[in-house]
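Notes to accompany the following structure.
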Amino acid sequence: MTEHVYKTIELTGSSYAGIEDAAQKAVDRAGKTLHNLRWFVITDTRGVVDRDSKLLWQVTIKAGFTLDE
């Protein structure tokens, strides 16, 4: 395993489909502007009940990516 230095950011994704989809959306969006994305940790999970009583899941992640050399 190679030694790395990581920078971390915090993101919140949301989805009506569930927790995993909300996390995936956060990672997918981060991947559009960050490269070398390596890992994530779910730090918070919460839900919102909308006007139609549908559940909107919100997942906050801490994501790590390696810095350029």
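- Enclosure of atom CZ in Phe40 is not indicated, since only 12 or fewer non-hydrogen atoms of other residues, nucleotides or ligands lie within 6.0 angstrom.
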Check step by step if side chain to side chain contact (heavy atoms under 4.5 Å, CB included) holds for Leu34 and Ile9.
CA-CA 10 Å; Leu34 300 173; Ile9 60 169; 3.3 Å; yes

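- Applying the side-chain contact (heavy atoms from CB on, under 4.5 Å) criterion to Thr66, with sequence neighbours excluded, gives His4, Tyr6, Asn36, Arg38.
- No option in Val27, Thr43, Val41 other than Val27 meets the side chain to side chain contact (heavy atoms under 4.5 Å, CB included) test with Ile61.
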Enumerate, atom names and distances included, each donor-acceptor pair closer than 3.5 Å involving a side-chain atom of residues 53-60, sequence neighbours excluded.
| residue | atom | partner | partner atom | Å |
| --- | --- | --- | --- | --- |
| Gln58 | OE1 | Arg46 | NE | 3.0 |
| Thr60 | OG1 | Thr12 | OG1 | 2.9 |
| Thr60 | OG1 | Arg46 | NH1 | 3.4 |

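- Ion pair Asp21/Lys25 flagged as a salt bridge, since at least one NZ, NE, NH1 or NH2 atom sits closer than 4.0 Å to an Asp/Glu carboxylate oxygen.
- Using a 4.5 Å cut-off on side-chain heavy atoms (C-beta onward), Leu11 and Arg29 make no contact.
- One distance of note links CD1 of Ile19 with CD1 of Ile42; it measures 7.0 Å at 0.5 Å rounding.
- The nearest pair of heavy atoms linking Ser15 to Ala22 is CB-N, 3.6 Å.
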